[in-house]
Amino acid sequence: MNCKLKSPVQVGGSGAGSTGRPAGGCDNEASIIEEEQQMSSDYNPSVLETKWQKQWEDEKLFKVDIDQSKQKYYLLEMFPYPSGRIHMGHVRNYTIGDVVARYKKMTGLNVLHPMGWDAFGMPAENAAIAGGVHPKKWTYENIEYMKIQLKRMGFSYDWDREVTTCDVDYYRWEQLFFIQMYEKGLVYRDRCFLNWCDSCKTVLANEQVEDGQCWRCGSQVLLKEYDQWFFKITRYSQRLLDNIEKLKNGWPERVLIMQKNWIGRSTGSLIRFAIDGTDKDIEVFTTRPDTLYGATFMSLAPEHPLAKTLPEGTGQELAVKAFVEKTLKEDKFTRTSETYEKEGVFTGRYCINPLTGYRMPIYIANFVLYDYGTGAVMAVPSHDQRDFEFARKYGLHIIVVIQPEGETLSGETMEEAFEGEGLLVNSGDHTGMKNTDAMKAITEHLQKIGRGEFFVNFRLRDWGISRQRYWGAPIPVVHCGKCGTVPVNKEDLPIILPEDVKLTGTGESPIAQVDSFVNATCPVCKGPAKRETDTMDTFVESSWYFIRYCSIKPENKPFDRKDVDYWMPVDQYIGGIEHAILHLMYARFYTMILHDLGYVGIDEPFEHLLTQGMVIKDGAKMSKSKGNVVDPEVMIARYGADATRLFTLFAAPPEKDMDWSDQGIEGTYRFLSRLWRLVQEITDLEGASQDEKVPASMEDIQRKTHQTIRKVTEDIDRRFRFNTAIAAMMELVNELYKAKDRARDESEVGVIKKALEYLLIMLSPFVPHISDELWEVMGGSGMLLLHPWPEYDAKWAEDVHVTIAVQVNGKLRATIDVPKDALQPEVEAKAFSDGNVKRFMEEASIRKIIYVPNKIINIIAVSH
RNA sequence: GCGAGAGUGGCGGAAUUGGCAGACGCGCUGGACUUAGGAUCCAGUGGGUAACACCGUGGGGGUUCGAGUCCCUUCUCUCGCACCA
């Protein structure tokens, strides 16, 4: 019937090799005739889905606005990068979100459910280098296509709120925030060693380096020295940590643990060691000030600035230089792995132990991290395994200062460092103290002599946001020969990314070649100046898009405060676990910044977080190289959006990985076909939908219906378990099929029709197209999204009869049906009358009976 | 090494508070309808047995009338962190 009718998406070769019954498939003349004949009764998703999508759009069904009379609910899914087409991960993420959004709306909440595009980023640039298409054109074309795909899935987005981060009208506000942060000292420029990906030709934040490799392309990361812009996220370390308390009820524990570890708060002391023969100090952070009397040398990271200056005049210059160069060339991941051989070089200088006066040789050591603490470590070989190995290798002095109970260690004979607790020895006035007490005492002593203090150290580093790339938001700063580096005037914003650029992929920022962009006027002295040509990390854009959604196309402002106050925070955020640290930490930080700048009233953006699992196929993540990619578009063409949605929800609970199965989706397609036929057959029967007068013959159906309402509501609302909700509805369908065959009069049919209506309402968040269609078939009016969610009738949801398991000595011997809440004597009598129970009670006498009402009766017997 | 999570039929998964293990679906087996069935419907489907018995939630131990669920121990897998001073 519909050979000419195509779904709006084009699919190559979808018919061939199809195992199921492809909707609208036209193999030969006969099948066309057959389909024409069956037109009214066959489930044909492509036709009805596009029909309803059009209707929803025509009626602006998904449009939402502030409504003070209603409670709001902000449901957000992580927006996609417009790579070209949606993949199964998107489908899963957005289907989960859509179910919740539609459900919440039906329960009467005012639901904000927006979508947009994380549109800046490297793939656009790479595509331009490879194919000669301008990143802007490439990106906007991808957006257009993916938007059609998302609409074809039936997702309930209010597209009037669409955010595209590469729009000037979006990133201009980011430039304003940048300047305001600069004014508050939250932005600074620093020269430092940074992770450089030679393949992506860009700098990476620490968070973007995984196992020493680029998080995006997987190539080896190198260290390069660079001038970079930083956001001072470290000023918010404690707040980011403290606020985790607020998120405990709404976020998965493991995400919070990951963030906690990433922030990495540890308490200890900061100690200053005087460098012998100079007036300079080396500062170290340590969590073990109690071991200070045993500190016999000093280790510096190769990147430490003193590595350059210390050896001067000692004769060690060349040796140190060679060692530093060699070490920095090694990849950092290997170099800092625990098993790596510890190596170092003497700088020729000494520093003084503030407690013992011991002249500690200063080494450069490959295992010391410049990123952590002060980049310098006081070495206590007796009580730190790393220092111990290092000391043995280079013949350095080992002094025991903590003795474990009942043992006497000595520096000469010990085979490994002792890192446990004990009493202090060789520790001057502190000798004899418990080492745990000595931590405080020694630090207080250092405070008195001006050599140290208590200190809280964080692992979290400042967020480097400069990227040597084209397709990003320009950093609104100029470099002036006279005034130095200064932010542009706010009135001069936006700094628009020039479009006429040559993309070569050489590592130079492409906009550096655009004279009209680079040459600027200094906002301070009005003299000639050069614009900053780096662009911002795209994680900046994704750190506030969810706030932007709150306002519909705001003019001359980033968003409207009254909109934000109404909608924020996000009530439920849904996305991949891969963003547990990066995106979610940055977004939390940025929200705090916007709070402190007075833009928003909240300081945590996401109340509840759901991290959905990956979609895998044949036990592996989908990837082109493995050839196990499932294209959603093909699935939509073959089975429809509803079946695709239903399967992604049914195959696994949302937080677990789900295994894609080509046979599995056939099952959900079959279920929908079955539902389709059920409705057709039932509407043919005489009898108006009713459940006021339930005939005795239909009481079980009425009960099952209300139990299903209860189950589905709880599964969605309380548990986020869509797979079990769907299973419950499948059970109801099975029951209704059986009931249909035994229905004899109109009142019986009426109960089934009523049940079917409840079912369609409940199915509508999951499979909205077929639900609306069948609702119409059954004579229902309007669209189900506007229909209130059903409430179960407690009187029907409760069982009247229950099945009780009868155990003899803990083993199941029978099941019996009894009235609900039956008393023990009645249940016992019935249990003992069972033949099998009798059999097992022969030759035995009762010792005890345990009865759990409505569940189980366990007869404990002893044989004689 | 540290932290978190997981391990249940041939497969995906269910069992929400310690109370009938395997809901629902896939697959498979048999049957019905049929020129045909890759459509649909009906029945069956953890192992075992003629039927019972019995055995079954990674392994071992424990608590309990009763354990997939709690405790101890051990193995395997996944994820995160990993020389963090």
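In the text below, chain A, chain B and the rest are named by the order of the sequence lines, each starting its count at 1. For the numbers below, each heavy atom of this structure counts, side chains included, while hydrogens, waters and symmetry mates do not.
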Trainee: P atom, B:G12 versus B:G19: distance in rounded Å?
Mentor: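 Pairwise P distance, B:G12 against B:G19, rounds to 25 Å.
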
Trainee: Once you apply a heavy-atom cut-off of 4.0 Å, does A:Arg839 come out as touching a base, just sugar-phosphate, or nothing?
Mentor: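 Sugar-phosphate only.
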
Trainee: Which part of the nucleic acid, if any, lies within reach of A:Ser299 when heavy atoms closer than 4.0 Å are counted: base, sugar-phosphate only, or nothing?
Mentor: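 Answer is nothing: A:Ser299 stays at 4.0 Å or more from every strand.
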
Trainee: Look at all strands and tell whether A:Ile860 reaches a base, only sugar-phosphate, or nothing, counting heavy atoms closer than 4.0 Å.
Mentor: sugar-phosphate

Trainee: Checking contacts here: which listed nucleotide (B:C83, B:A4, B:A23) is nearest the side-chain heavy atoms of A:Asn366?
Mentor: B:C83

Trainee: If we call it a pair only when both distances are under 3.5 Å in a Watson-Crick or G-U wobble match, what pairs with B:U40?
Mentor: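 Checking every strand shown, B:U40 finds its partner in B:A32, with both distances under 3.5 Å.
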
Trainee: Is the glycosidic torsion of B:G31 within 90° of 0, making it syn, or is it anti?
Mentor: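 Here B:G31 takes the anti form, which means its glycosidic angle is more than 90° from 0.
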
Trainee: Are the side chain of A:Asp799 and the backbone of A:Val802 linked by a donor-acceptor contact shorter than 3.5 Å?
Mentor: no

Trainee: Checking all strands, does A:Asp387 fall into the base, sugar-phosphate, or nothing category for heavy-atom contacts under 4.0 angstrom?
Mentor: nothing

Trainee: If the C1' atom of B:U49 is compared with that of B:A36, how far apart are they to the nearest Å?
Mentor: 39 Å

Trainee: The test is side-chain contact (heavy atoms from CB on, under 4.5 Å); show your working for A:Arg92 and A:Leu649 and say whether it passes.
Mentor: CA-CA 7 Å; A:Arg92 188 172 190 209; A:Leu649 295 164; over 6 Å; no

Trainee: Answer with yes or no whether A:Lys855 presents, from its side chain, a donor or acceptor under 3.5 Å of a partner atom in the base of B:C20.
Mentor: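 Counting by modelled atom types and ignoring angles, no donor-acceptor contact under 3.5 Å is found here.
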
Trainee: Can you confirm whether or not the ring centre of A:Tyr43 sits under 6.0 Å from the ring centre of A:Tyr669?
Mentor: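 Centroid separation for A:Tyr43 and A:Tyr669: below 6.0 Å.
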
Trainee: Residues two or more places apart in sequence or in another chain: which of them pass side-chain hydrogen bond (donor to acceptor under 3.5 Å, both in side chains) with A:Asp387?
Mentor: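 Listed in chain order: nothing, the list is empty.
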
Trainee: Pick base, sugar-phosphate or nothing for A:Asn809, based on heavy-atom distances below 4.0 Å to the nucleic acid.
Mentor: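 No contact.
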
Trainee: Scan A:Arg254 against the nucleic acid and name what it touches under 4.0 Å (heavy atoms): base, sugar-phosphate only, or nothing.
Mentor: sugar-phosphate

Trainee: How close or far is atom C1' of B:C41 from atom CZ of A:Arg674, stated in whole angstroms?
Mentor: 9 Å

Trainee: Can you tell me how far P in B:C71 sits from the matching atom in B:A4, rounded to whole Å?
Mentor: 13 Å

Trainee: Among the nucleotides B:C24, B:A14, B:C81, which one has an atom lying closest to any side-chain atom of A:Trp262?
Mentor: B:C81

Trainee: Counting only side-chain nitrogens and oxygens, does A:Arg459 get under 4.0 Å of the OP1 or OP2 atom of B:C81?
Mentor: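 No, because none of the side-chain N or O atoms of A:Arg459 sits under 4.0 Å from OP1 or OP2 of B:C81.
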
Trainee: Of the listed nucleotides (B:C65, B:C84, B:C24), which one gets closest to any side-chain atom of A:Glu731?
Mentor: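 Closest of the options to the side chain of A:Glu731: B:C24.
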
Trainee: When all nucleic acid strands are considered with a 4.0 Å heavy-atom cut-off, which category describes A:Gly373: base, sugar-phosphate, or nothing?
Mentor: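 The residue A:Gly373 makes no contact with any strand.
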
Trainee: May I ask you to evaluate whether A:Arg265 reaches the phosphate of B:C84, defined as a side-chain N or O under 4.0 Å from OP1 or OP2?
Mentor: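 Looking at the OP1 and OP2 atoms of B:C84, neither is under 4.0 Å from any side-chain N or O of A:Arg265.
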
Trainee: When you measure from the centre of the six-membered ring of A:Tyr737, is the NZ or CZ of A:Arg674 closer than 6.0 Å and no more than 45° off the axis?
Mentor: yes

Trainee: So what does A:Thr815 hit on the nucleic acid, given a heavy-atom distance under 4.0 Å: a base, only sugar-phosphate, or nothing?
Mentor: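 Answer is base: heavy atoms of A:Thr815 come under 4.0 Å of a base.
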
Trainee: Would you indicate which nucleotide in B:G27, B:C20, B:A85 comes nearest to any side-chain atom of A:Val377?
Mentor: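 Out of B:G27, B:C20, B:A85, the nucleotide with an atom closest to A:Val377's side chain is B:A85.
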
Trainee: Select base, sugar-phosphate, or nothing to describe what A:Asn723 touches, counting heavy atoms under 4.0 Å on all strands.
Mentor: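 Since only primed, P, OP1 and OP2 atoms lie under 4.0 Å of A:Asn723, the category is sugar-phosphate.
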
Trainee: Mind checking if A:Lys260 touches a base, just sugar-phosphate, or nothing, with heavy atoms under 4.0 Å?
Mentor: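 Result for A:Lys260 = nothing.
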
